[in-house]
Amino acid sequence: MNKIIVTGSAGFIGSAVCIKLLERGEDVVGIDNHNDYYDPELKQARLKRNEKYKNYQHYKIDLCDQNGLEKIFKIHKPKRVVNLAAQAGVRYSMENPLAYVNTNIVGFALILENCRHYNIEHLVYASTSSVYGANTKMPFSEHDSVNHPLSVYAASKKSNELMAHTYSYLYNLPTTGLRFFTVYGPWGRPDMALFKFTKNILNGEPIDVFNHGKHTRDFTYIDDIVDGVIKALDNKSSVNINWNSKEPDPATSSAPWKIYNIGNNKPVKLMDYIQALEKTLGKKAKINFLSLQPGDVPDTYANIDNLKQKFKYKPSTTVKSGVSNFVKWYRDFYKI
């Protein structure tokens, strides 16, 4: 059976993608470095879900371990790769930019090299809505320029898109990049707003709300994200589609390369998101309003027409349902 490597397999999105693939009988090889950017015990708990399946194998290594990574490719000879391992977080990238260079750029280069040398049929990798940076035209479209990132995190992910295009062009490696828009849901990351807000509200502590609550976000539920990732993975014909564009677009080159937005296509005001959480918790938040943080963008809104057209992608989870599902998981996991 053709094996699939999933990097970041103990992460929020990576673990969920693994489980979906495992449930349909795929042989999955997971890679994760289990770093301490946030609670490693949460990562270990996610991993236990993966390891319930006999068709799962796990390696605890860093993407920058060149020899270790190559050994995994050599042993397992995967046909497809999903690269979800990354140093995430816009704000942390201001404190520790080199962590993003190491994992997101050097690590990704090693993924590309192994995909090239081991004849991978399709590489799907995570990008981010943060690449749109200072753009103000809404909704964000894949046609838009992404030349003005506002954080090292965003710059590192844009570099992934450029590196993937080069490898696609030079080595005929099919690659698909997915620009995720504010993913949330059960088993999420503790550094993200929903996790922080839930914890503080339950503890009676104030929540920090930046930009004085004037953010809007295209919140996308984890199940909808996973659905899009797997649809893209299953279809290497998703690459090399020419778009009509007024500006030169790398997608019109001969490279088997493509970029898609993957979001909910329904931006929500941050204060409405908080109100949905308050209603689910049955408790009002104490709010500490703050200015816009460096690196943050005021609004995100995904144009997902291309993903809909190619894969019939249709996100279906409302914010009300998604927040409720997260709170139920949070109470269960932390026994509250």
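These figures come from a predicted structure and were not determined experimentally.
With a 6.0 Å radius and a threshold of 12 heavy atoms from other residues, nucleotides or ligands, Asp36 has its CG atom at or below the threshold. Atom NZ of Lys48 has 12 or fewer neighbouring heavy atoms from other residues, nucleotides or ligands inside a 6.0 Å radius. Surrounding NZ of Lys231 are more than 12 heavy atoms belonging to other residues, nucleotides or ligands, all under 6.0 Å away. The environment of Lys283 atom NZ is dense: over 12 non-hydrogen atoms of other residues, nucleotides or ligands sit within 6.0 angstrom. Residue Gln66 places its CD atom among 12 or fewer non-hydrogen atoms of other residues, nucleotides or ligands, all under 6.0 Å distant.
Defined by atom type and a distance below 3.5 Å, a donor-acceptor pair is present between the side-chain atoms of Tyr132 and Arg179. Between the side chains of Asn325 and Tyr221, at least one donor-acceptor pair of N or O atoms lies under 3.5 Å. Between Asp208 and Asn288, the side chains place a donor N or O and an acceptor N or O closer than 3.5 Å (distance only, hydrogens not considered). Residues Asn119 and Lys77 bring no donor and acceptor atom of their side chains to less than 3.5 Å of each other. No donor-acceptor contact under 3.5 angstrom links the side chains of Tyr118 and His76, judged on distance only. The closest side-chain donor-acceptor pair between Thr175 and Ser168 falls under 3.5 angstrom. Side-chain contact, Thr7 with Asn83: a donor N or O sits under 3.5 Å from an acceptor N or O. For the residue pair Ser9 and Tyr56, a side-chain donor N or O sits within less than 3.5 Å of a side-chain acceptor on the partner. Between the side chains of His34 and Lys60, no donor N or O sits under 3.5 Å from an acceptor N or O. No hydrogens or angles considered: a donor-acceptor pair under 3.5 Å links the side chains of Asp299 and Thr216. No side-chain donor-acceptor contact under 3.5 Å links Asn303 and Ser141.
Between Phe181 and Gly263, the shortest heavy-atom distance links the atoms CB-CA, 3.9 Å. Of all the heavy atoms in Leu292 and His215, the pair that sits closest is CD1-CE1, 3.4 Å. Nearest heavy atoms, Asn2 versus Glu26: O-OE1, 4.0 Å. Nearest heavy atoms, Gly188 versus Arg46: O-NH2, 3.2 Å. Between His122 and Leu233, the shortest heavy-atom distance links the atoms ND1-O, 3.3 Å.
Between the side chain of Asp218 and the backbone N or O of Thr182 there is no donor-acceptor pair closer than 3.5 Å. Thr280 contributes a side-chain N or O that, together with a main-chain N or O of Ala276, makes up a donor-acceptor pair within less than 3.5 Å.
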CA sep, side-chain torsions, deciding dist, call: Thr317, Asp224, side chain to side chain donor-acceptor pair (under 3.5 Å)
CA-CA 7 Å; Thr317 310; Asp224 293 325; 3.3 Å; yes
When you look at Lys43 and Asp39, which way does the salt bridge (Lys or Arg N to Asp or Glu O under 4.0 Å) test go after all the steps?
CA-CA 7 Å; Lys43 297 178 183 181; Asp39 183 8; over 6 Å; no
Does the pair Thr318 and Ser321 meet the rule for a side chain to side chain donor-acceptor pair (under 3.5 Å), with working shown?
CA-CA 5 Å; Thr318 65; Ser321 296; 3.1 Å; yes
Test salt bridge (Lys or Arg N to Asp or Glu O under 4.0 Å) on Glu121 and Arg80; report intermediate values, then the result.
CA-CA 6 Å; Glu121 292 179 353; Arg80 290 173 289 170; 5.4 Å; no
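In this structure, the ring of Phe311 has its center less than 6.0 angstrom from the ring center of Tyr260. In this structure, Tyr330 has its ring center under 6.0 Å from that of Phe195. Between Tyr92 and Tyr37, the ring center distance clears the sub-6.0 Å criterion. Here the two rings, on Tyr301 and Phe140, have centers that are 6.0 Å apart or farther.
Using a 4.5 Å cut-off between side-chain heavy atoms of Ile, Leu, Val, Met, Phe, Trp and Tyr, with links allowed through other members, Phe180 and Met192 fall into different hydrophobic clusters.
Inter-residue side-chain proximity for Gln293 and Val90 is flagged as unmet; no heavy-atom pair is nearer than 4.5 Å.
Under the ring-ring contact (aromatic ring centres under 6.0 Å, His included) criterion, Tyr171 pairs with Tyr167, sequence neighbours left out.
A perpendicular orientation is assigned to the rings of Phe219 and Tyr184, their planes being inclined by more than 60° (bins at 30° and 60°).
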